Number of protein chains: 2
Amino acid sequence: MTLEKLFANFDNYIPLDEEEREDLSKRLAERKVKRRQFILQEGDVCKHYTFVAEGCFKKFHVDKKGTEHNLQFIAENDWIMEIDSFYNEKPSRVFIEALEPSVILQITKPDLIELFMSNPKFNRNFRVIIENRFVELENRVLQAISSTAEERYLTFLNQYPKLSQRLPNTQIASYLGITPEFLSKIRKEISKR
Amino acid sequence: MTLEKLFANFDNYIPLDEEEREDLSKRLAERKVKRRQFILQEGDVCKHYTFVAEGCFKKFHVDKKGTEHNLQFIAENDWIMEIDSFYNEKPSRVFIEALEPSVILQITKPDLIELFMSNPKFNRNFRVIIENRFVELENRVLQAISSTAEERYLTFLNQYPKLSQRLPNTQIASYLGITPEFLSKIRKEISKR
DNA sequence: AAATGCCCTTAAGATAGTTTAAGAGTAAAT
DNA sequence: ATTTACTCTTAAACTATCTTAAGGGCATTT
């Protein structure tokens, strides 16, 4: 069931044949995660690439004042990766925490590298995963340097219509880089029209 | 001379042997670019991965009002890539323009794919290039949603000390997501201390 | 040498976003 | 069932940033 979702996800890129599915699935570990549970904490080295089969996570940084800043939401059918920590084995500067009860599939670095070596298709598929996230990030930088908070909020609603209904506005505000109070004001303005 | 710089760049990742250098260099085209010349325009499909051997470029977006927003500066010893346009052959939404007279090395997509197929080392090296840029981008998003303009400016000075002396402040302001007037004010504040 | 264009700065007034405080509503914990 | 914690909203005062306008300094073009 859970694996099926992952295979279906790869079907969007380069689909895997029976043998490749075997190779992949025997290297994956399934985990259930409770709401508010962390799968990565600041200072730890990220040991896994993680596929979200069900649920939703946030990736965030905590500044010196103790304020959280949400870098990304990752919901079902998407990958969680903390690239710098994972590949370079550096301590992570972010936390990754479940916002809902979730089910994930995880693969370790040695296993992933084996897959890369054994079959270029994996290399390609995982490159595409990074590329997609890359495009998302560049768009976010562009928005951040060129748009007002209201524009960013409307873009978010547009881009993640389902997510925006599942997430509390406090979390969305933290993602947009504004205070919850100001988001509230924006929402009021919008609803007036 | 120009090729040497590229090889030296790869030495930071997984160094290439003689044969691999051959394979790579016969697929590269060297180009001289004048100041203010574009190597990619909005609407065009990005046909190359580009290594900057000398000089400096800016990658920017132009909004509906005609205002430019700098997404990135790319100086010597770094790679220019417009991933979405290059891999998915979509029209680019950004321009890439030389800020100084420059020398670049370019490789086309078919040639790059051939390299990927022929030797996993290339795959790995180009993955690392993306990863590095990726980390840079995540840091930028974090800064954008969590820091004031002054903090972002100080981080920029710190992170790109040489660049910050070569670039006009108007360009830096566009990168930071503020107006040149406000950057001027910030600089005055800082120098008072 | 004059003219043009680009860059940097200053300042006043406007707008966008934060802070603090408070209250009401809802979900979670005991 | 009650308490506790979290979320959303409002408003007033404050701070960060933008807009407009203007002037001076270089460098490049004519």
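Remember, it's a predicted structure, so these values are computed and weren't measured experimentally. Lettering of chains follows the sequences in order, A, B, ..., and the numbering in each one begins at 1.
- Side-chain contact between Val45(B) and Lys47(B): present, with at least one pair of heavy atoms (C-beta onward) separated by less than 4.5 Å.
- As a whole-Å value, the separation of Phe182(A) CZ from dC8(D) P is 17 Å.
- Side-chain proximity of Glu181(B) to dG17(C), dT19(D), dT17(D): nearest is dT19(D).
- Separation of the Phe10(A) and Phe126(A) ring centroids falls under the 6.0 Å cut-off.
- The NZ atom of Lys192(B) sits 14 Å away from the P atom of dT9(C) (whole-angstrom rounding).
- Distance from the side chain of Pro168(B) is smallest for dC8(C) among the nucleotides dT10(D), dG17(C), dC8(C).
- Contact annotation for Ser184(B): base contact, defined as any heavy-atom pair under 4.0 Å involving a base atom.
- Residues from residues 60-67 of chain B lying near DNA chain D, meaning a heavy-atom separation below 4.0 Å, are absent.
- As a whole-Å value, the separation of His69(A) NE2 from dT18(C) P is 11 Å.
- One atom, NZ of Lys185(A), and another, P of dT18(C), lie 10 Å apart when rounded to the nearest Å.
- Remark: C1' of dC18(D) and CG of Leu183(B) are 14 Å apart, rounded to the nearest angstrom.
- Here the side chain of Asp17(B) pairs a donor or acceptor atom with the backbone of Glu20(B) at under 3.5 angstrom.
- The closest side-chain donor-acceptor pair between Gln72(A) and Arg133(A) falls under 3.5 angstrom.
- The side-chain heavy atoms of Phe156(B) and Leu176(B), taken from C-beta on, include a pair separated by under 4.5 Å.
- Distance Leu176(B) CG to dC18(D) C1': 15 Å, rounded to the nearest Å.
- Across the protein-nucleic acid pair, Gln171(A) atom CD and dC8(D) atom C1' stand 14 Å apart, rounded to whole Å.
- Atom pair Glu100(A):CD and dA28(C):P shows a separation of 12 Å (rounding to whole Å applied).
- If you check dC8(C), dC6(D), dG17(C) against the side chain of Ala149(A), the one that comes closest is dG17(C).
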Verdict with supporting geometry, Phe122(A) and Phe116(A), ring-ring contact (aromatic ring centres under 6.0 Å, His included): CA-CA 6 Å; Phe122(A) 287 113; Phe116(A) 285 170; 8.1 Å; no
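- The closest side-chain donor-acceptor pair between Asn132(B) and Trp79(B), if any, does not fall under 3.5 angstrom.
- Between dC8(D) and Asn169(A), a contact under 4.0 Å exists linking OP1 or OP2 to a side-chain N or O.
- Taking only side-chain nitrogens and oxygens, Thr179(A) never comes nearer than 4.0 Å to OP1 or OP2 of dG17(C).
- Phosphate contact (OP1/OP2 of dA11(C), side-chain N/O of Lys188(B), threshold under 4.0 Å): present.
- Of the side-chain N and O atoms in Arg187(A), one or more sit less than 4.0 angstrom from OP1 or OP2 of dT9(D).
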